[in-house]
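Heads up, the thing below is written out as structure tokens.
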Amino acid sequence: PVALVPIEAREFASAVAARWGDYLAVANRRFTANLDSGTAVFRGDAHLLNRAIDNLIENAAKYSGESSLIAFEFERTEPALLFRIRDEGFGIPEAEMPYVFQSFYRVDRSRNSQVPGSGLGLSIAKEIAAIHDGELTVRANESGIGCTFTLVIPRNAGQEKDPSGS
């Protein structure tokens, strides 16, 4: 079993942004971080959550052209914390979106044959979301360029559920 411990969400998101800013600059990608200014504590496994977000940002960098934007956003809502990674990459065709979280699945192998990877990163990230009673979603950006992955972690992740439903 995974031990979920209290984590201050803004500090966690700030550490993610600090870790990736310099790396993406060296990789010739533009990086922005838009972090909710409020505080919120949630229960999670910081190591696993970092791995999930790192997988998403690494994919954004791998599948984006030089000088393209990768944006990391953290937002607090009442029931959950949202961690978004938006890119200006090659995008994912609508017909492929239902499959991207399957182990070993890679979108359009011919186009991405030069991009290293095993097709496990997104399935691992999705499993980490599930461990936290959360979810991981993907959608095409409204601009038609790239996509946005959203990791949703409930504020009450890992807490015992009330069997009466109240």
Side-chain angles (χ1 to χ4, degrees), residues 1-24 29-64 69-89 91-92 94 96-103 105 119-143 145-166:
V2 175
L4 304 182
V5 299
I7 299 172
E8 203 297 305
R10 181 158 175 39
E11 289 176 14
F12 175 81
S14 293
V16 169
R19 184 172 65 249
W20 279 98
D22 289 341
Y23 175 84
L24 290 171
R29 304 296 187 278
R30 293 178 295 127
F31 179 70
T32 62
N34 184 6
L35 309 180
D36 193 307
S37 61
T39 60
V41 175
F42 69 103
R43 297 183 60 77
D45 182 305
H47 173 75
L48 289 177
L49 290 168
N50 274 310
R51 183 165 181 191
I53 293 171
D54 288 352
N55 284 350
L56 298 172
I57 295 174
E58 184 177 353
N59 273 1
K62 281 197 299 192
Y63 295 103
S64 297
L69 175 67
I70 297 170
F72 173 62
E73 301 170 359
F74 160 63
E75 178 184 356
R76 294 175 310 136
T77 67
E78 185 49 42
L81 304 168
L82 310 177
F83 299 92
R84 287 189 200 91
I85 293 83
R86 181 174 41 86
D87 66 47
E88 295 177 340
I92 300 170
E94 196 73 32
E96 306 267 351
M97 285 194 185
Y99 309 106
V100 298
F101 298 111
Q102 293 178 1
S103 296
Y105 189 82
L120 288 173
L122 293 178
S123 64
I124 290 169
K126 182 100 171 167
E127 182 62 28
I128 291 169
I131 288 169
H132 290 82
D133 299 327
E135 65 179 341
L136 178 59
T137 62
V138 62
R139 67 172 173 76
N141 292 335
E142 291 178 12
S143 67
I145 301 170
C147 56
T148 300
F149 285 85
T150 304
L151 176 61
V152 180
I153 303 296
R155 288 186 181 217
N156 62 355
Q159 294 179 0
E160 291 296 317
K161 309 282 190 288
D162 182 350
S164 68
S166 57

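Being a predicted model, the structure only gives us computed values, none of them experimental.
- Between R84 atom CZ and T150 atom OG1 the span is 5.0 Å, to the nearest 0.5 Å.
- The minimum heavy-atom distance linking S64 with D87 is given by the pair OG-CB, 3.8 Å.
- A heavy-atom distance below 4.5 Å is not found between the side chains of I7 and V41.
- Residues L82 and F74 form no side-chain contact, since every pair of their non-hydrogen atoms from C-beta on lies 4.5 Å or further apart.
- In this structure, R10 and E8 approach most closely via the heavy-atom pair N-OE1, 3.0 Å.
- In this structure, F83 has its ring center under 6.0 Å from that of F12.
- A donor-acceptor contact shorter than 3.5 Å is absent between the side chain of E135 and the backbone of A130.
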Check the pair R155 / R76 against side-chain contact (heavy atoms from CB on, under 4.5 Å), numbers first and verdict last.
CA-CA 9 Å; R155 288 186 181 217; R76 294 175 310 136; 3.4 Å; yes
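- Interatomic distance, L49 CG to L151 CG, rounded to the nearest 0.5 Å: 6.5 Å.
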Given the rule in the side-chain contact (heavy atoms from CB on, under 4.5 Å) test, do T32 and L69 qualify, once you have shown the distances and angles that lead to the verdict?
CA-CA 8 Å; T32 62; L69 175 67; 3.7 Å; yes
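- A distance of 4.0 Å separates SG in C147 from CD1 in I92, rounded to the nearest 0.5 Å.
- Taking all atoms of both residues into account, the shortest heavy-atom contact from I128 to H132 is O-ND1, 2.8 Å.
- Put simply, the side chain of T148 does not reach to within 4.5 Å of the side chain of V138, judged on heavy atoms.
- The existence of a salt bridge linking R19 and D54 is confirmed by a sub-4.0 Å separation between a basic side-chain nitrogen and an acidic carboxylate oxygen.
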Could you walk me through whether T137 and F149 pass the side-chain contact (heavy atoms from CB on, under 4.5 Å) check?
CA-CA 6 Å; T137 62; F149 285 85; over 6 Å; no
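- A heavy-atom distance below 4.5 Å is found between the side chains of R51 and I124.
- Formation of a donor-acceptor pair under 3.5 Å by the R86 side chain with backbone atoms of A71 is not found in this model.
- N156 contributes atom CG, which lies 7.5 Å from atom CG of D133 (distance to the nearest 0.5 angstrom).
- Across V2 and D45, no two heavy atoms sit closer than the pair CG1-OD2, 3.4 Å.
- When all heavy atoms are compared, the tightest approach of S14 to L35 is OG-CD1, 3.5 Å.
- Side chain of D36 to main chain of G38: a donor-acceptor pair is present (N/O by atom type, distance under 3.5 Å, no hydrogens or angles).
- For the residue pair F31 and G21, the shortest heavy atom distance occurs at CD2-CA, 3.6 Å.
- Residues V152 and L136 form no side-chain contact, since every pair of their non-hydrogen atoms from C-beta on lies 4.5 Å or further apart.
- In this structure, the side chains of W20 and E58 come closer than 4.5 Å at one or more pairs of heavy atoms.
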Decide side-chain contact (heavy atoms from CB on, under 4.5 Å) for L122 and L56; before the verdict, give the C-alpha distance in whole Å, the side-chain angles of both, and the deciding distance to 0.1 Å.
CA-CA 7 Å; L122 293 178; L56 298 172; 3.5 Å; yes
